[in-house]
Amino acid sequence: MSVVQTIRSAAATAIKELYKQDIPVDDIAINVTKPEFEGEYTIVVFTFTKFSRQKPEETGNTIGTYLAARFPELIAGFNVVKGFLNLSINNDYWVQYLQSNFNNRNVGHKPANGKKVMVEYSSPNTNKPLHLGHLRNNFLGYSIAEILKANGYEVVKANLVNDRGIHICKSMLAWQLFAHGDTPESTGIKGDHLVGDYYVKFETLLKEQAEPIIARVLENDFRDFSGADLERVEKLGALLHKPEIHADKEKSDKIHDEIKELARNKTEIMQQAKIMLQQWEAGNPEVRTLWSTMNGWVYQGFDVTYKRLGIDFDKIYYESETYLLGKDLVEDGLRKGVLFKKEDNSVWIDLTNDGLDQKLLLRGDGTSVYMTQDLGTARLKYDDYQMDLSIYVVADEQNYHFKVLKLILEKLQEPAAEGVFHLSYGMVELPHGRMKSREGTVVDADDMITEMVNTSAQHTKESGKLKDFSEDELQRLYEVIGLGAMKFFLLRVDPKKRMIFNPEESIDFHGFTGPFIQYSHARIKSILREAGVTDTSHLDTYRHNDSLLPLEKSLIMLNEQFGEVLEDAQKEMSPSVIANYAFKLAQEFNSFYAEKVDGKYTYSIVNAESEEKKNLRLQIITHTVHTIRRSMELLGIEVPERM
RNA sequence: GGACCGGUAGCUCAGCUGGAUAGAGCAGCUGCCUUCUAAGCAGCAGGCCAUUGGUUCGAAUCCAAUCCGGUUCACCA
């Protein structure tokens, strides 16, 4: 049990004995004592005055006296300031904690809880390479999976690849038209980038072809349209000429966008892409062959990137194999009366009682939509793994979708419903706004990695250390540091907040960063080497004749808090909790390391003032090195032995 | 318009299950490398915690309203 929990339960005992009150242990507020006061942890006693019927100070004193008398092995002393009961924890308690935990390489780990969880993340489209937004998704998913594992869950990491659809056909068509048979091998271009280049070509051509159509619409020439589209576009054209709309930029922009979308659909190239999609669905052998060939190139490219990022999966689902699922759920739903049909044979669910709208699940022609697929996939995943929890790492623009998905599953009484959890995260934006592929402002993942690795190489060279490293070792180190900087940058912020990335300023290597923590790790390792301590070395028991010095104590305390931090990170579903903690610990270690009085290190380890102190400090930094390493591993970040 | 998310130092963010004088990093300014790695340490400066009201012994934190920014409400995925 953690120290904080131990104090809580001791306080609960005190309150029960003193005031005959049963209060829930978690209702007892415990803070770390402010540095200006004596003590390590503080109980807030204001709330107890209700039943103590004493002033806060008296209440604090009464409880403090009781605790010191009843739990002397834990509480060495106390003082009361206003309604705050500051507790001094017995040095022996810290030392005992340290001695039984300092060499635990899996600090903070919870035993298996028998629960299974699936984390779906990454889920890329196979028509273009990964970009910065995907990186946040990948790092988050990987990290959450690791955090869940450390909290005792059995984890399945899943990737649902979006490998079919109109966007894939766009790349395929453009390749057919312009590539003259080019392949990754013939061009030397990474497969996902090659395919992405043709996607861009398609979009360029599409834009070219759409322009004259848009121009005609704006001049009230609707010859490109017929049927329902004609009606719609005529209406939009008329709206646009109304002065009140013309004056409202937001509204007129919206109308322009819709006209643009309608026009894009009428282009020749778009028509061809749609035909190709139909051919794909019909199983046309030529189209299918092209499809699997080009997807193969993309996968080769993705594999390289995933490998470099250290991202992996236990299970890969392909949308081409799941996109027809869900129809049987719809049949079930109709039978149960949860769903209903409209005149045109389309199938809907009415969510108006839940404050939402009606939602379409099958079109009039019987084809399914995104939601239908996701319902089917949810059932498939559950049939495959019967997990207790199913996490979807997906950007917050899909909040509504997942709310509806869970609700529909509940209404259909699917067993998968309960576990559905949308781990929603904010978009990564540029200083000028969202990344837009059509405007070429997308930050490519591979470019980004290369840049980070180059920067780390530059920093390393400037430091002038590591002259004895081989070229391979150096290259390996640059990767570890560059990726560490990038991963930490994207994980240190609360997932649900959107974040701004400024490519001009790039990512820092100083301060609250991955390299800072990696550096602290390397520093400790260096001391351990100097002291001749290895993983298997036996450290003598510290005979605690002297009291603990301030930073010795605070480092032990911080290390001891890791278990609670790990639980918090899981409860909050937020790796940033770990990132903040790891930084604080590294920072504390650096203060410990560097403190000097009159030119002498206060906490010298190799040249400590006594053998006992040397052993104590070696234990402290050994614990710290394990905690830092574990924290970073939970973020998917490696820590170097030297840097 | 409805729903959801955010607004804390010049910038990027912690703190938000109510607790002491609101914390970090970056940027700016001072110092510190003969001694376990200066990707570091110590310090200075920087705040009407969006606004207004409420609840409370106590509010950045909870409630209400307002303002600003974002996302979403497709027979797209």
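Within every chain, numbering begins at 1; the chains are lettered A, B, ... in the order of the sequence lines, protein sequences first and strands thereafter.
Spacing between atom CG of A:D396 and atom P of B:C73 amounts to 12 Å, rounded to whole angstrom units. If you take NZ of A:K403 and P of B:A3, they are 10 Å apart, rounded to a whole angstrom. When the C1' atom of B:C36 is taken as reference, atom CD of A:E595 falls 15 Å away, rounded to whole Å. The NZ-P distance, from A:K571 to B:C16, rounds to 13 Å in whole Å. Rounded to an integer number of Å, the gap from CZ of A:F488 to P of B:A24 is 16 Å. The CG atom of A:N580 sits 8 Å away from the C1' atom of B:C13 (whole-angstrom rounding). One can place CD of A:Q587 at 12 Å from C1' of B:A42, the figure rounded to the nearest angstrom. Rounded to an integer number of Å, the gap from CG of A:D350 to C1' of B:C73 is 15 Å.
Within 4.0 Å (heavy atoms only), A:K465 reaches at least one base atom of the nucleic acid. Within the nucleic acid shown, A:N162 comes within 4.0 Å of sugar-phosphate atoms alone, with no base atom in reach, counting heavy atoms only. Within 4.0 Å (heavy atoms only), A:A522 reaches at least one base atom of the nucleic acid. Nucleic acid contact class of A:H510 (heavy atoms, under 4.0 Å, all strands): sugar-phosphate only. Using a 4.0 Å heavy-atom cutoff across all strands shown, A:S591 reaches sugar-phosphate atoms only and no base atom. Within 4.0 Å of A:D344, counting heavy atoms only, lies at least one base atom of the nucleic acid. Nucleic acid contact for A:N127: none, since no nucleic acid atom lies under 4.0 Å from a heavy atom of the residue. Within the 4.0 angstrom heavy-atom criterion, base atoms lie near A:T42.
Separation of the A:Y318 and A:W291 ring centroids does not fall under the 6.0 Å cut-off. The ring of A:Y392 has its center closer than 6.0 angstrom to the ring center of A:F402. Between A:F583 and A:F516, the ring center distance clears the sub-6.0 Å criterion.
Both geometric conditions, a ring-centre gap below 5.5 Å and a plane tilt below 30°, are fulfilled for A:F84 over the base of B:A20. An aromatic stacking contact between A:Y593 and the base of B:G40 is absent, as defined here by ring centres under 5.5 Å apart and ring planes under 30° from parallel. The ring of A:F37 lies on top of the base of B:A20, close enough and flat enough: under 5.5 Å between centres, under 30° between planes.
Checking B:A38, B:G19, B:A39 against the side-chain heavy atoms of A:P515 singles out B:A39 as nearest. Among the nucleotides B:C41, B:A39, B:C36, the one closest to any side-chain atom of A:M643 is B:A39. Distance from the side chain of A:W348 is smallest to B:C75 among B:C75, B:A39, B:A20. Nearest nucleotide to the A:V493 side chain, out of B:A20, B:C13, B:C73: B:C13. Closest to the side chain of A:T47, out of B:G70, B:G19, B:C73, is B:G19.
For A:E38, the CD atom sits in a loose shell: 12 or fewer heavy atoms of surrounding residues, nucleotides or ligands are nearer than 6.0 Å. Counting heavy atoms of neighbouring residues, nucleotides and ligands inside a 6.0 Å radius, atom NZ of A:K496 does not exceed 12 of them. The number of heavy atoms from other shown groups lying within 6.0 Å of NZ (A:K327) is above 12.
You won't find any donor-acceptor pair under 3.5 Å spanning the side chain of A:N399 and the base of B:C5, going by distance alone. A donor-acceptor contact under 3.5 Å links the side chain of A:T460 to the base of B:A39. Evaluation of atom-type donor-acceptor distances gives a pair under 3.5 Å for the side chain of A:K596 against the base of B:U35. For B:A39, the base has no donor-acceptor partner in the side chain of A:D508 [N/O atoms by modelled type, under 3.5 angstrom].
Using a 4.5 Å cut-off on side-chain heavy atoms (C-beta onward), A:Y121 and A:N159 make no contact. Side-chain contact between A:K341 and A:S346: absent, with no pair of heavy atoms (C-beta onward) separated by less than 4.5 Å.
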For nucleotides 44-47 of chain B, which of its nitrogen or oxygen atoms have a protein nitrogen or oxygen under 3.5 Å away, and what is each distance?
none

Return the polar atom pairs (N/O with N/O) between nucleotides 60-63 of chain B and the protein under 3.5 Å, or none.
none

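With sequence neighbours left out, A:K235 forms a side-chain hydrogen bond (donor to acceptor under 3.5 Å, both in side chains) with no residue at all. Checked against side-chain hydrogen bond (donor to acceptor under 3.5 Å, both in side chains), A:Q358 has the following partners two or more places apart in sequence or in another chain: A:K342.
Heavy-atom distances under 4.0 Å link RNA chain B to A:V369, A:Y370 of residues 368-378 of chain A, given in residue order.
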Inset, instruction - Taking Watson-Crick and G-U wobble pairs with both distances under 3.5 Å, convert RNA chain B into its dot-bracket string, 5' to 3', dots for unpaired and | for cross-strand pairs. - result: ((((((((.[[[[.)...(...]]]].(((((.......))))).....[[[[[..)....]]]]])))))))....
